[in-house]
Amino acid sequence: MPNRLANESSPYLRQHAENPVDWYPWGSEAFERARAEDKPILLSVGYSSCHWCHVMAHESFENPAIAELMNRYFVNVKVDREERPDIDAVYMAAVQAISGQGGWPMTVFLTPDGQPFYAGTYFPPEDAHGRPGFPRVLQFLAEKWQTDRQRILESAAGLTEHLRAAAARRAGPGDGIAPSTTARAVEAFAESFDTAWGGFGSAPKFPSPSNLEFLLAYAVAHPETELLVEAARLHLAHEETAARVRHHERLAQELSSRFRVELEHRDLDKAMTA
């Protein structure tokens with residue numbers, strides 16, 4: 001039975017819809033369950049063209065035994081970094097702070113409040129190449145969550161404060177976004193918008209909800225400007241073209257399924273007449 005990712009707009013997330021992992025998309029539902037069941041969150045971030053993301057998916061997320069450990073001890077959340085670069089950026093900083101390096105797939109363990117306490121990238125299905133096997137990591141962290149909770153919470157709070165301080169230093173005191181900068185951003189989106197196929201720029205394209213959220217927020221905040229109309233137009237045009245693309249995707253899947261059935265029948269006929 002497909003999991004919750006089956007209804008997501010991201011093709012990458014839908015690739016994981018048949019996993020035995022009880023995946024959640026990023027959202028309040030996952031965090032509410034984590035708090036209610038007193039479980040940590042396992043956050044997995046990847047993207048469609050990431051080779052090692054697919055390797056880990058095949059080795060671990062499609063493995064019923066490993067999925068059972070994930071479901072028993074954690075609330076599991078899958079994120080497409082191309083759809084949510086904001087989430088990716090926040091937790092990639094945590095991965096780099098903990099391990100000294102980053103990459104994808106990104107694997108982060110969070111408190112129910114979203115604070116990271118352990119992180120890495122690719123984990124093999126068993127101990128190999130100097131890396132601990134994913135099942136061993138899952139069991140170790142699940143045990144520590146029960147037996148050494150206070151230390152985990154203190155570590156998570158300390159890491160979160162470190163990341164906040166680092167972000168504040170990068171921003172600088174009093175630095176904000178000038179109104180002229182946001183106006184130029186809307187103009188840039190308008191210039192790069194693909195009126196035929198939707199999205200911004202040329203192929204390959206990936207869903208970027210943060211761009212659309214910015215356009216909507218700008219439209220609400222600046223009702224008196226002509227850019228309000230432009231921001232709203234871009235958002236609506238994007239939704240219309242995305243709907244057409246989803247329609248074509250469904251047709252392609254239907255045709256592919258029919259073609260596969262015809263080939264199977266043809267092979268069966270050949271076998272029976274041979």
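A quick note: this is a predicted structure, and the numbers were derived from the prediction, not measured. Positions are given from 1, in the same order as the sequence printed here.
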Ring pair (Phe, Tyr, Trp, His ring centres under 6.0 Å) partners of Phe31, counting only residues at least two apart: Trp26
Considering residues at least two apart in sequence or located in another chain, which fulfil the ring pair (Phe, Tyr, Trp, His ring centres under 6.0 Å) criterion with Phe123? Phe134
In short, side-chain hydrogen bond (donor to acceptor under 3.5 Å, both in side chains) pairs touching residues 59-70 with sequence neighbours left out are His58-Glu62, Glu59-Tyr122, Glu68-Arg72
Could you name each residue pair satisfying disulfide (SG to SG under 2.5 Å) that touches [range], not counting sequence neighbours?
range: residues 83-127; answer: none
range: residues 85-139; answer: none
range: residues 31-60; answer: Cys50-Cys53
range: residues 84-147; answer: none

Let me confirm one number: the [atom1]-[atom2] distance from [X] to [Y], rounded to the nearest 0.5 Å.
X: Asn7; Y: Leu13; atom1: CG; atom2: CG; answer: 11.5 Å
X: Thr182; Y: Glu187; atom1: OG1; atom2: CD; answer: 10.0 Å
X: Leu69; Y: Leu141; atom1: CG; atom2: CG; answer: 12.0 Å
X: Met106; Y: Leu43; atom1: CE; atom2: CG; answer: 6.0 Å

Check salt bridge (charged side-chain N to carboxylate O under 4.0 Å, His left out) between Asp22 and all other residues, then give those that pass, not counting sequence neighbours. Arg4, Arg33
Salt bridge (charged side-chain N to carboxylate O under 4.0 Å, His left out) with Glu126: which residues, sequence neighbours excluded? none
Side chain Asn71, main chain Pro20, donor-acceptor under 3.5 Å: yes
Cluster link [X] to [Y], ILVMFWY, side chain under 4.5 Å:
X: Ile41; Y: Val79; result: yes
X: Ile66; Y: Val77; result: no
X: Trp52; Y: Tyr91; result: no
X: Val45; Y: Val55; result: no

Hey, are Glu83 and Ser9 close enough side-chain-wise for a donor-acceptor pair under 3.5 Å? yes
Do the non-hydrogen side-chain atoms of [X] and [Y] ever get within less than 4.5 Å of each other?
X: Asn3; Y: Lys78; value: no
X: Met56; Y: Trp104; value: no
X: Asn76; Y: Phe61; value: no
X: Gln15; Y: Ser48; value: yes
X: Val21; Y: Leu42; value: no
X: Asp88; Y: Tyr47; value: no
X: Val90; Y: Leu163; value: no
X: Tyr12; Y: Glu82; value: no

Arg136: what forms a side-chain contact (heavy atoms from CB on, under 4.5 Å) with it, not counting sequence neighbours? Asp127, Pro132
Results of side-chain contact (heavy atoms from CB on, under 4.5 Å) for Ala119 - residues two or more places apart only: Val95, Ile98, Val108
Between Ile152 and Phe109, does a side chain to side chain contact (heavy atoms under 4.5 Å, CB included) hold up when you go through it step by step? CA-CA 11 Å; Ile152 286 179; Phe109 294 85; over 6 Å; no
More than 12 heavy atoms of other residues, nucleotides or ligands under 6.0 Å from CZ of Arg151: yes or no? no
Should Arg149 and Asp38 be marked as a side chain to side chain contact (heavy atoms under 4.5 Å, CB included) after you check the CA-CA gap, both sets of side-chain angles, and the distance that decides it? CA-CA 11 Å; Arg149 177 80 58 88; Asp38 193 29; 3.1 Å; yes
Using a 3.5 Å cut-off and no angle test, enumerate the donor-acceptor pairs between side-chain atoms of residues 110-118 and protein atoms at least two apart in sequence or in another chain.
| residue | atom | partner | partner atom | Å |
| --- | --- | --- | --- | --- |
| Thr111 | OG1 | Asp113 | N | 3.3 |
| Thr111 | OG1 | Gln115 | N | 3.2 |

Looking only at heavy atoms, what is the nearest atom pair of Gly103 and Met92, with distance? O-CE, 3.4 Å
Over all atoms of both residues, closest heavy-atom pair of Gly102 and Thr121: C-CG2, 3.9 Å
Can you list the steps and then say if Trp145 with Tyr73 is a ring-ring contact (aromatic ring centres under 6.0 Å, His included)? CA-CA 9 Å; Trp145 181 254; Tyr73 295 124; over 10 Å; no
